[in-house]
2 protein chains.
Amino acid sequence: MTTVLVIDDEPSIARALRINLHARGYDVHVAYDGASGLSVMARERADIVIVDLGLPDIDGVDVINGIRGWSNAPIIVLTARDQEPEKVSALDAGADDYVTKPFGMDELLARIRAAERRALPQPDEPIVRAAHFTVDLAAKQVRSLDGAAVRLTPTEWHIVEMLARHPDRLVTARQLLHEVWGPSYDAETHYLRVYLAQLRRKLEPDPSRPCCLITDPGMGYRLITAPNGCVIQQASHGRQNG
Amino acid sequence: MTTVLVIDDEPSIARALRINLHARGYDVHVAYDGASGLSVMARERADIVIVDLGLPDIDGVDVINGIRGWSNAPIIVLTARDQEPEKVSALDAGADDYVTKPFGMDELLARIRAAERRALPQPDEPIVRAAHFTVDLAAKQVRSLDGAAVRLTPTEWHIVEMLARHPDRLVTARQLLHEVWGPSYDAETHYLRVYLAQLRRKLEPDPSRPCCLITDPGMGYRLITAPNGCVIQQASHGRQNG
DNA sequence: GAGGTCCGTAAAGAAACCATCAAGATCACC
DNA sequence: GGTGATCTTGATGGTTTCTTTACGGACCTC
């Protein structure tokens, strides 16, 4: 269940928020000043914070700073102050959104949903496994099977990345040149020969007999992936897992 | 460099955005209708999208849906429509923020910064361990292995923080410059060389042979993490880090 | 089998990039 | 106003990367 912390000293607003949020399945905590807001946040670890700027004790921006010191939970400012400098300072302090009173409850709820959605973990980019190396697209890194990082130049990486984003599929020379060198290099197929040879020297056990970086003569290149349980001749102690 | 795509059919708005964003170091693309907006997005992979709802061809919500089909880039709606149902449907379609015209440029820029900030990864583990030091992201402190705090200048910390937020991942020079010095410093790669040398002097046992703060020539920098209790072996024969 | 096209390999100069030292500029603070 | 810390900028030398040239082999066509 998503927990929302409301920090607002206006009882009517706090009450309206508690009722509406609770009706939609949120777990709601309410604090009526900044100090108790910070302490409730520390205790309850709310998933989302809604904070007024005009609190009786602490300035709202300091509340934002206090939370941002240790939490990345989305913070939505809900306040009557509508001057631009206040919006800017609140947002730059770490607030995620800024809604001015009077506000529409449906809009606020939609903004809460947007904040929730952003907080969901983003799917990671995959790691593409070939028979003798792996391509980690997120880390921009190629590792040999023993886990050692292989150093690639920017151009080399760009080519491997392009191939790894289309595993086992044919990538035409034109596509590669277009993506790596730009639209006016479509005819420089020789660049590819030079760089593919370089990559095979770095990544293939027998560069003259490539088994991962394959040439389709007249067509282009493709990166052959290895099935997960793939048996490699040596490197038996390895930790390649599913 | 952060790339912003503006989809708006009002020339005056589009022009104002282009000028202001460009002046702050963003790379700006402009599309004047939904169809070309979607195609520019597919081609340029903008980091942030600003979209009007009242486009001449496609409805803005459909533009949002079209982008959300394959991209998680933050989308900020900038429109004259201020009815609540439209806000709700745009936000629920996947928009991250909703700003109504007339709008303050400073506020919009602050909302863009907030969207950028959210796109930074937030590691769940607040302490990142490298072979010879640890980075405590919550406490904003670097400690050497014996537990002594290492004194870093604000800029030095900012760089270490950025690297530690992407442990083992490549961080490009542009990303670092953009985050630490601001959007208009993307070309000042020399700053990075100076500061990385400084950091290595403070954090690496042999600064001329870094093992934690690694340069990938032409690509960027990387903070190499160590598993807990890892014993570092002397560089045996080779010279490359693994 | 001659000729052409495509591919793989090697190597060298040019260009871009990086590490380092050090001095000037700026700022906060006393 | 002086002082120390920090940030910016310049200069130099070494290294890496990119581009280009050259050559030999494989394959297909005629």
Side-chain angles (χ1 to χ4, degrees), chain A residues 140 142 149-163 170-174 176-177 179-182 184-222, chain B residues 25 140 142 149-163 170-177 179-182 184-222 238-241:
Chain A
K140 294 198 203 304
V142 175
V150 180
R151 177 170 285 179
L152 299 185
T153 73
T155 305
E156 287 165 0
W157 167 257
H158 212 150
I159 292 170
V160 168
E161 181 183 32
M162 182 84 175
L163 292 172
L170 175 77
V171 182
T172 67
R174 220 190 135 91
L176 277 168
L177 289 163
E179 167 77 16
V180 177
W181 278 272
S184 54
Y185 286 74
D186 286 8
E188 305 285 348
T189 57
H190 183 57
Y191 288 7
L192 289 178
R193 286 194 279 280
V194 172
Y195 274 95
L196 263 293
Q198 226 158 286
L199 283 168
R200 285 171 182 145
R201 265 204 304 282
K202 291 187 178 184
L203 300 176
E204 296 266 9
D206 183 355
S208 62
R209 237 171 271 150
C211 65
C212 307
L213 297 166
I214 301 298
T215 302
D216 277 23
M219 304 285 294
Y221 298 87
R222 75 178 77 213
Chain B
K140 296 192 190 300
V142 176
V150 180
R151 187 181 166 70
L152 297 185
T153 73
T155 305
E156 287 167 359
W157 165 256
H158 211 152
I159 291 171
V160 169
E161 181 185 32
M162 183 76 176
L163 291 171
L170 180 85
V171 183
T172 66
R174 279 188 160 181
Q175 286 176 289
L176 276 168
L177 289 163
E179 168 71 17
V180 176
W181 278 271
S184 56
Y185 286 74
D186 286 6
E188 305 286 346
T189 57
H190 186 54
Y191 290 8
L192 288 178
R193 286 194 277 277
V194 173
Y195 274 93
L196 263 292
Q198 227 157 288
L199 283 167
R200 285 172 182 144
R201 266 202 303 280
K202 291 188 178 184
L203 299 175
E204 296 265 8
D206 183 355
S208 63
R209 284 190 184 181
C211 66
C212 307
L213 298 166
I214 299 298
T215 301
D216 276 20
M219 306 267 291
Y221 297 88
R222 199 188 286 274
R239 46 199 195 77
Q240 300 296 358
N241 63 306

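Treat the numbers as computed from the prediction; the structure is a model and nothing was measured.
Listed nucleotides: C/dA10, C/dA19, D/dT9. Nearest to the side chain of B/Tyr191: D/dT9. In the set D/dG10, D/dT19, D/dT6, the nucleotide with an atom closest to the side chain of A/Val194 is D/dT19. Checking C/dG8, D/dT20, D/dT16 against every side-chain atom of A/Thr215, the shortest atom distance belongs to C/dG8. Among the nucleotides D/dT17, D/dT19, D/dC7, the one closest to any side-chain atom of B/Pro154 is D/dC7.
In this structure, the CG atom of B/Asp206 is 14 Å from the C1' atom of C/dT20, given to the nearest Å. Here D/dG25 presents its P atom at 17 Å from CZ of A/Arg193, a figure rounded to the nearest Å. Spacing between atom CG of B/Leu177 and atom C1' of D/dT8 amounts to 13 Å, rounded to whole angstrom units. As rounded to whole Å, 18 Å separates atom P of C/dC7 from atom CD of A/Gln198. Atom P of nucleotide D/dC7 and atom CG of B/Leu199 are separated by 11 Å, given to the nearest angstrom. Going from atom NZ of B/Lys202 over to atom P of C/dA19 covers 18 Å, rounded to whole Å. Whole-Å rounding puts the B/Arg222 CZ to C/dC18 P distance at 14 Å. One interatomic measurement links the two molecules: CZ of A/Arg200 to P of C/dA10, which rounds to 13 Å at whole-angstrom precision.
In this structure, A/Trp157 reaches neither bases nor backbone, as no heavy-atom distance under 4.0 Å exists between it and the strands shown. Contact annotation for A/Tyr221: backbone-only contact, meaning every heavy-atom pair under 4.0 Å involves sugar-phosphate atoms and none involves a base. Residue-level contact check: B/Arg151 touches the backbone only, with heavy atoms under 4.0 Å from sugar-phosphate atoms and none from bases. Using a 4.0 Å heavy-atom distance criterion, B/Thr189 is classed as making no nucleic acid contact.
Listed pair B/Trp181 / D/dC7 fails the phosphate criterion, with no side-chain N or O lying under 4.0 Å from OP1 or OP2. Contact annotation: A/Ser208 side-chain N/O to C/dG8 OP1/OP2 distance is not under 4.0 Å. In this model, the phosphate group of D/dC18 is approached by a side-chain N or O of A/Tyr195 to a distance below 4.0 Å at OP1 or OP2.
Residue whose closest nucleotide on DNA chain C sits further toward the 5' end, between B/Gly220 and B/Arg201: B/Gly220. Position along DNA chain D of the nearest nucleotide to A/Leu152 versus B/Glu156 favours B/Glu156 as the more 5'-ward residue.
B/Leu213 is listed as a side-chain neighbour of B/Glu204, based on a closest heavy-atom distance under 4.5 Å.
B/Lys202 places a side-chain N or O within donor-acceptor distance of the main-chain N or O of B/Arg151, the cut-off being under 3.5 Å.
Judged by distance alone, the side chains of A/Asp186 and A/Ser184 never bring a donor and an acceptor atom under 3.5 Å apart.
Taking CD of B/Glu188 as the start and CZ of B/Arg174 as the end, the distance is 13.0 Å to the nearest 0.5 Å. Rounded to the nearest 0.5 angstrom, B/Thr153 OG1 and B/Tyr195 OH are separated by 5.0 Å. Rounding to the nearest 0.5 Å gives a distance of 14.5 Å between CZ of B/Arg193 and CD of B/Gln198.
Judged by distance alone, with hydrogens and angles left aside, A/His190 brings no side-chain donor or acceptor close enough to the base of D/dT19 to form a pair under 3.5 Å.
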